[in-house]
Peer 1: 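Have a look at the structure that comes next, please.
Computed from heavy atoms alone, side chains included, the values below leave out hydrogens, waters and symmetry copies.
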Amino acid sequence: MAYFILKTFVLGPLLKLLFRPWVRGLENIPSNGAAILASNHLSFSDSIFLPLSVRRPVVFLAKSEYFTGKGVKGALVRWFFKSTGQLPIDRSGGKASEASLNTGLGVLAQGLLLGIYPEGTRSPDGRLYRGRTGIARMVLEAKVPVIPVAMIDTEKVQPIGKRLPRIRRVGIVVGEQLDFSRFDGMEGDRVVLRAVTDEIMYELKRLSGQEYVDLYASSVKEKRAKLARQ
């Protein structure tokens, strides 16, 4: 109910008025049944603009820090993510990664749309980074289509480190469904998982026009943080 109210009567109309988002390719999203929306990740606001632009509800796997913030801001962020049906995941790796995978599979088993950022974190500089193979495992285990989605100019609305958004027009390009049924039963093959993930990232690069960097965004962020401390 909170999701419907926010989308239909509160955030939806307000954001459309302020940011005038343009959208192409919505017809590529099925009207029913499970599917994965695989998106590039430029800004915190991606998790707002994309669900508000899609007719069906979209469940995102959001980092657990969004649900544990302190103070008024933390409470508001936590309320927003819970109200819109987002699910917290632990990104520390190991057993936590397996639990996140199972959470995503549970969403797909209910026939819902699952939103995933294959890069695993926001781009530090607007470029597209190497995808993590968790998305490929979900695709092959759940046997669902992948729909690539390119967010356009959302990093200009809310750059990393900025609290207040800037009024800028943003765009969303929804690509055609990607079918990986040819790899059925091969979810345990690391080479296949990398190939599936790379194909998804190639489509995101093509749709978004971003420069591609064959490194993990998290590694680049860690390196920059280490240099900043020196």
Peer 1: With clusters built from Ile, Leu, Val, Met, Phe, Trp and Tyr whose side-chain heavy atoms come within less than 4.5 Å, directly or transitively, what are the remaining members of the cluster of Trp22, listed by chain and number?
Peer 2: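 Taking Ile, Leu, Val, Met, Phe, Trp and Tyr as members, Trp22 shares its hydrophobic cluster with Ile152, Val173, Leu207.
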
Peer 1: Less than 4.5 Å apart, any side-chain heavy atom of Leu52 and any of Lys16?
Peer 2: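 The answer is no, as the side chains (C-beta and beyond) never meet within the 4.5 Å cut-off.
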
Peer 1: What I'd like to find out is whether the side chain of Arg78 reaches to under 4.5 Å of the side chain of Thr68, using heavy atoms alone.
Peer 2: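 A side-chain contact under 4.5 Å is absent here.
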
Peer 1: Looking just at side-chain N and O atoms, do Ser208 and Asn40 make a donor-acceptor pair shorter than 3.5 Å?
Peer 2: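 Distance-only check fails for Ser208 and Asn40.
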
Peer 1: So does Asp153 pair up with Arg166, basic N to acidic O under 4.0 Å?
Peer 2: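 Looking at Asp153 and Arg166, the cut-off is not met.
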
Peer 1: Considering residues at least two apart in sequence or located in another chain, which fulfil the side-chain contact (heavy atoms from CB on, under 4.5 Å) criterion with Asp214?
Peer 2: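 Listed in chain order: Arg130, Tyr212.
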
Peer 1: Between Asn102 and Glu98, is there a side-chain heavy-atom distance shorter than 4.5 Å?
Peer 2: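 Counting from C-beta outward, Glu98 and Asn102 do come under 4.5 Å.
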
Peer 1: Check this for me: Lys221, atom NZ, are more than 12 non-hydrogen atoms of other residues, nucleotides or ligands nearer than 6.0 Å?
Peer 2: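 Counting neighbours around NZ of Lys221, more than 12 heavy atoms of other residues, nucleotides or ligands fall under 6.0 Å, so yes.
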
Peer 1: Quick test of your reading of the model: are Glu119 and Arg127 salt-bridged, counting only N-O distances below 4.0 Å?
Peer 2: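 Arg127 and Glu119: not salt-bridged.
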
Peer 1: For the CZ atom of Arg224 and the CZ atom of Arg229, what is their distance to the nearest 0.5 Å?
Peer 2: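 Spacing of CZ (Arg224) from CZ (Arg229) equals 14.5 Å.
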
Peer 1: Heavy-atom count around Arg182 CZ within 6.0 Å, excluding the residue itself: above 12?
Peer 2: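 Yes, enclosed.
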
Peer 1: Under a single-linkage rule joining Ile, Leu, Val, Met, Phe, Trp and Tyr whose side-chain heavy atoms are separated by less than 4.5 Å, which residues share a cluster with Leu215?
Peer 2: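 Members alongside Leu215: Tyr129, Val213, Val220.
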
Peer 1: Is a side-chain donor-acceptor pair under 3.5 Å present for Lys143 with Ser181?
Peer 2: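 Ser181 vs Lys143: no donor-acceptor pair found between side chains.
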
Peer 1: Is it the case that the side chain of Arg206 and the backbone of Met201 share a donor-acceptor pair, with hydrogens and angles ignored and the cut-off at 3.5 Å?
Peer 2: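 No, because the side chain of Arg206 does not come within donor-acceptor range (under 3.5 Å) of the backbone of Met201.
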
Peer 1: In residues 106-113, what donor-acceptor pairs under 3.5 Å come from side-chain atoms, sequence neighbours left out?
Peer 2:
{"from": "Gln110", "atom 1": "NE2", "to": "Gly106", "atom 2": "O", "distance (Å)": "3.4"}

Peer 1: Which atoms form the tightest heavy-atom contact between Ala38 and Val146, and what is the distance?
Peer 2: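 Looking at all heavy atoms of both residues, the shortest contact is CB-CG1, 3.8 Å.
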
Peer 1: Please report the closest heavy-atom contact between Ile135 and Pro118, naming both atoms and the distance.
Peer 2: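 In this case the closest contact between Ile135 and Pro118 is CD1-CG, 3.8 Å.
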
Peer 1: So, does Asn28 use its side chain to make a donor-acceptor pair with the main chain of Gln177 at under 3.5 Å?
Peer 2: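 Pair absent, no side-chain N/O of Asn28 close to backbone of Gln177.
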
Peer 1: Contact between Leu140 and Val192 at the side-chain level, heavy atoms closer than 4.5 Å - yes or no?
Peer 2: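 In contact.
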
Peer 1: For residues 42-62, which residue pairs qualify under ring-ring contact (aromatic ring centres under 6.0 Å, His included), counting only residues two or more places apart or in two chains?
Peer 2: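 Those involving residues 42-62 are Phe19-Phe49, Phe44-Tyr66, Phe44-Phe81, Phe60-Tyr117.
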
Peer 1: Hydrophobic cluster mates of Leu227, side-chain heavy atoms under 4.5 angstrom, ILVMFWY only, any path?
Peer 2: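 Direct or chained contacts put Leu227 with none.
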
